[in-house]
Trainee: 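Before I ask anything, here is the structure I am working with.
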Amino acid sequence: DNTKWFCPQTWVIEFYLWLDPGSFAPLVVDCWTYNLGLEYNSTTGFNLNRSGVDTLIADFGGLDSIEFLDLIHAVPMWNEIIVSLTDLGWVKNQSLFGAPYDWRTTITNYLPISPKDKISPNPDPYFPKLKSLI
């Protein structure tokens with residue numbers, strides 16, 4: 001449970017978990033690290049978001065969410081590779097796609113069945129979406 005009195009229990013707007021300079025302000029960083037954390041469910045074998053935290057993977061299939069590590073595009077992640085590939089004739093969102101995922105979890109969170117034979121908590125399995133890009 002989040003015991004920090006200054007961290008909102010509900011957010012009116014989405015709280016960006018990726019690198020956002022505002023997330024590292026004093027006190028706010030505590031809220032950011034709490035929201036970033038996972039809890040292991042020993043019954044199912046899945047790593048899950050903490051109670052009250054929902055995460056969305058932005059722009060699956062697109063490149064906007066993987067080109068840079070931050071919202072202001074100051075820290076490139078895959079940008080240089082994307083630029084090089086487009087210079088070679090690849091076309092964004094036609095022959096060049098991105099497949100972002102929640103890097104905090106294990107591969108079992110993306111499988112339909114866990115190692116303990118439990119149904120995946122992920123309502124939108126990753127691998128069928130990945131296959132659709134090929």
Side-chain angles (χ1 to χ4, degrees):
D1 198 14
N2 187 1
T3 57
K4 305 286 186 193
W5 61 269
F6 48 82
C7 293
Q9 297 303 306
T10 37
W11 294 88
V12 177
I13 58 171
E14 292 177 349
F15 186 88
Y16 198 69
L17 282 181
W18 209 225
L19 294 180
D20 175 6
S23 296
F24 297 102
L27 301 181
V28 177
V29 72
D30 294 326
C31 306
W32 182 80
T33 55
Y34 175 82
N35 288 330
L36 195 63
L38 295 172
E39 295 174 350
Y40 177 71
N41 183 317
S42 60
T43 304
T44 64
F46 290 112
N47 294 303
L48 305 171
N49 285 318
R50 290 186 169 158
S51 178
V53 176
D54 293 317
T55 53
L56 304 170
I57 305 301
D59 194 33
F60 189 89
L63 300 169
D64 290 340
S65 66
I66 66 169
E67 286 193 72
F68 295 90
L69 281 175
D70 61 327
L71 292 172
I72 58 173
H73 295 181
V75 182
M77 183 168 52
W78 293 100
N79 177 262
E80 292 178 22
I81 292 173
I82 292 167
V83 168
S84 295
L85 290 171
T86 56
D87 288 348
L88 292 171
W90 293 68
V91 179
K92 289 182 177 185
N93 302 320
Q94 289 182 16
S95 56
L96 182 60
F97 303 98
Y101 61 96
D102 189 345
W103 51 268
R104 303 168 307 144
T105 66
T106 63
I107 189 85
T108 58
N109 276 49
Y110 293 105
L111 300 175
I113 302 292
S114 78
K116 296 185 179 189
D117 295 327
K118 303 291 181 186
I119 301 298
S120 172
N122 187 347
D124 195 10
Y126 182 79
F127 291 111
K129 288 176 23 179
L130 180 63
K131 186 178 177 182
S132 74
L133 294 177
I134 299 173

Trainee: Could you state the interatomic distance from CD1 (I66) to CG (L69), rounded to the nearest 0.5 Å?
Mentor: 11.0 Å
Trainee: With heavy-atom distances below 4.5 Å as the criterion, would you say the side chains of L96 and V91 are in contact?
Mentor: no
Trainee: Is a donor on one side and an acceptor on the other found under 3.5 Å between the side chain of N47 and the backbone of L38?
Mentor: no
Trainee: Could you tell me the separation between the CG atom of D102 and the CD1 atom of I57, rounded to the nearest 0.5 Å?
Mentor: 4.5 Å
Trainee: Do F97 and W103 belong to the same hydrophobic cluster, where Ile, Leu, Val, Met, Phe, Trp and Tyr are linked whenever their side-chain heavy atoms lie under 4.5 Å apart, directly or via other members?
Mentor: yes
Trainee: With the side chain counted from C-beta on, respond yes when L133 and F60 share a heavy-atom pair under 4.5 Å apart, and no when they do not.
Mentor: yes
Trainee: Nearest 0.5 Å please: distance from the CG atom of N49 over to the CG atom of L36.
Mentor: 9.5 Å
Trainee: Do V75 and W32 share a hydrophobic cluster (ILVMFWY, side-chain heavy atoms under 4.5 Å, transitive)?
Mentor: yes
Trainee: First locate atom CD1 of I82, then atom CZ of F68, and finally report the distance between them rounded to the nearest 0.5 Å.
Mentor: 8.5 Å
Trainee: Give the minimum heavy-atom separation between P100 and S65, together with the two atoms involved.
Mentor: CG-OG, 3.5 Å
Trainee: By the side-chain hydrogen bond (donor to acceptor under 3.5 Å, both in side chains) test, which pairs, at least two apart or in different chains, include something from residues 75-92?
Mentor: E67-N79, E67-K92
Trainee: What's the separation between atom CG in D64 and atom NE2 in H73, rounded to the nearest 0.5 Å?
Mentor: 7.0 Å
Trainee: Could you tell me which non-hydrogen atom of L130 sits nearest to which non-hydrogen atom of A99, and how far apart they are?
Mentor: CD1-CB, 3.6 Å
